[in-house]
2 protein chains.
Amino acid sequence: MAATDRKPKTLAHYPRPSVAVDTAVLTVADGQLCVGVLRDPRSARLRLPGTFLHEGETLADAVRRSLREKAGIEGVEPAQLHVFDAPGRDSRGWVLSVAHVAVVPATGLRELQPRAVTEAMGLDFDHDEIVRLAVSLLRADYAEHPDPARLLPEPFTVTALREVHDAVAGERLLPDSFRRRMLPMLRRTGELQRGGVGKPAALYRRTTTS
Amino acid sequence: MAATDRKPKTLAHYPRPSVAVDTAVLTVADGQLCVGVLRDPRSARLRLPGTFLHEGETLADAVRRSLREKAGIEGVEPAQLHVFDAPGRDSRGWVLSVAHVAVVPATGLRELQPRAVTEAMGLDFDHDEIVRLAVSLLRADYAEHPDPARLLPEPFTVTALREVHDAVAGERLLPDSFRRRMLPMLRRTGELQRGGVGKPAALYRRTTTS
DNA sequence: TGACATTAGCGCGGATCTGCTTGAATGCGA
DNA sequence: TCGCATTCAAGCAGATCCGCGCTAATGTCA
């Protein structure tokens, strides 16, 4: 945290930067990993939702406030990605931006416009890079754990779980390898998925607390 | 980046936080992964080196300046870890701290006191947590690549490389598995390590650019 | 009502990986 | 100078992993 510098009486003697938060809100819709964007009223370009950090507020709270006020999104758990600090990256002055990622269910983007992450380019500021980092982090997480963002309501079949992972990974995963990797982290409910065509599939819940 | 808020004329109308950088400087000395600490003149407790971010300066530059001024360390390439933002975490006021990690050769800690990471606890602020994050990131990197921080001068033997990785991992790695995992990322120089006892070992250089 | 299409998931053979053993190449000491 | 300790690194057998094929269990349509 704070560093002890030469001989300042108070912190106010230093010039301080503005600190913003910007958030890549990810979801899976129509079998595709999507990010929520909106049009910046100043630049008229597409961008991620963000806001300035207020006094006495944590970064996560600022993210939640920005998503609530600008998109009507509630109840997310943002994770930090990176601080963008290039001098001159914001024409209005000295602004640091702390990039975040949040994941919401398919219907949760609310007032944000969904864009497939493979096509979401040309965003304002360094928001393309934020999307890249967010997707990269989410894919790493999904490669290790069964639906860690809990996009899928329990209980679910292994096939339904794999379809979510397919969308996040952006490619068709091999069903057999996927099943073998995920089964140790799942617990059978004993019930079967009825009503569909074909052999009924077993229903599972997550066991890993993460 | 910057977010467009309600109707401020300029950024100066918002209260802004002080932003600090704090850095876990890691090295391998005597076969142990160590972190460089110093005594805080205000609190008299041990802490990581840090400073406040100056205007027109990037976070990496602030890290380099703090290490140069407080420890005489030059030429590091810091990597960001996390932003600590808890209100009240610094008694002097509203201070965000961006934690960093940097790796230096064994003799490179200069004026910092080396502490084995297994014993470096009870540091000021949230610096224990920074050390934890820094070690975790470094270990993940070393698990994938041969000495990515370039602690070992080229050319080197596989055994010398493994000893560095042992120190970073904090445990004895299995020599065969280690050799097999690293060989695809190494290139034989054709020369042999002479002068030691036993069969001369082949010398290698890194091929992975990272 | 019975044959067929569809889906789940178990089991098999091939490939890969792991840790141990063995042979080879050196320096050192008698 | 000759054995011996030491170290490197290739070879081997057991274990694990992977993708494919097969069987089972359902809904659907004639």
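Sequence lines set the chain letters: A, B, ... in the order given, protein chains first and strands last, and positions in each chain run from 1. As the structure is a computational prediction, the values presented were derived from the model and not from experiment.
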Starting from the 5' end of DNA chain C, give me the residue, A:Arg180 or A:Ala201, whose nearest nucleotide shows up first. A:Ala201
Would the distance check show the side chain of B:Glu191 and the main-chain N or O of B:Ala202 forming a donor-acceptor pair, the cut-off being under 3.5 Å?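 The answer is no, because no donor-acceptor pair under 3.5 Å joins these two groups.
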A:His54 ring center within less than 6.0 Å of A:Phe52 ring center: no
Residue pair B:Gly198/B:Tyr204 against DNA chain D: nearer the 5' end by closest nucleotide is B:Gly198
Starting at the 5' end of DNA chain D and moving along, which residue's nearest nucleotide shows up first, B:Arg162 or A:Lys199?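 With B:Arg162 and A:Lys199 compared, the 5'-side residue is B:Arg162.
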Which nucleotide in the set [options] lies at the smallest distance from any side-chain heavy atom of [X]?
X: B:Asp176; options: C:dG23, D:dA10, D:dA24; result: D:dA10
X: A:Leu174; options: D:dG19, C:dT26, D:dA25; result: D:dG19
X: B:Pro200; options: C:dT26, D:dA9, C:dG11; result: C:dT26

For a quick check under 3.5 Å, do B:Arg205 and B:Thr189 share a side-chain donor-acceptor pair by atom type? no
Any side-chain N or O of B:Arg179 under 4.0 Å from OP1/OP2 of D:dC8?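 Answer is no, no contact under 4.0 Å.
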Answer yes or no: does a side-chain N or O of B:Ser177 lie under 4.0 Å from OP1 or OP2 of C:dG19? yes
Report the C-alpha separation of A:Met182 and A:Val158 in whole Å, then their side-chain angles, then the decisive distance to 0.1 Å, and conclude whether the side-chain contact (heavy atoms from CB on, under 4.5 Å) test is met. CA-CA 8 Å; A:Met182 290 299 157; A:Val158 175; 5.8 Å; no
Output the rounded distance in Å from [atom1] ([X]) to [atom2] ([N]).
X: A:Arg181; N: D:dC17; atom1: CZ; atom2: P; value: 11 Å
X: B:Met182; N: C:dC17; atom1: CE; atom2: C1'; value: 16 Å
X: B:Leu203; N: D:dC8; atom1: CG; atom2: P; value: 11 Å
X: B:Phe178; N: C:dT18; atom1: CZ; atom2: C1'; value: 16 Å
X: A:Leu192; N: C:dG9; atom1: CG; atom2: C1'; value: 12 Å
X: A:Gln193; N: C:dG9; atom1: CD; atom2: P; value: 11 Å
X: B:Leu173; N: C:dG19; atom1: CG; atom2: P; value: 11 Å

Hey, does A:Thr159 reach any base, or is it just sugar-phosphate, or nothing, if we go heavy atoms under 4.0 Å?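 Here A:Thr159 touches the backbone only, sparing every base.
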Can you check whether B:Leu67 reaches B:Glu74 side chain to side chain, under 4.5 Å on heavy atoms? no
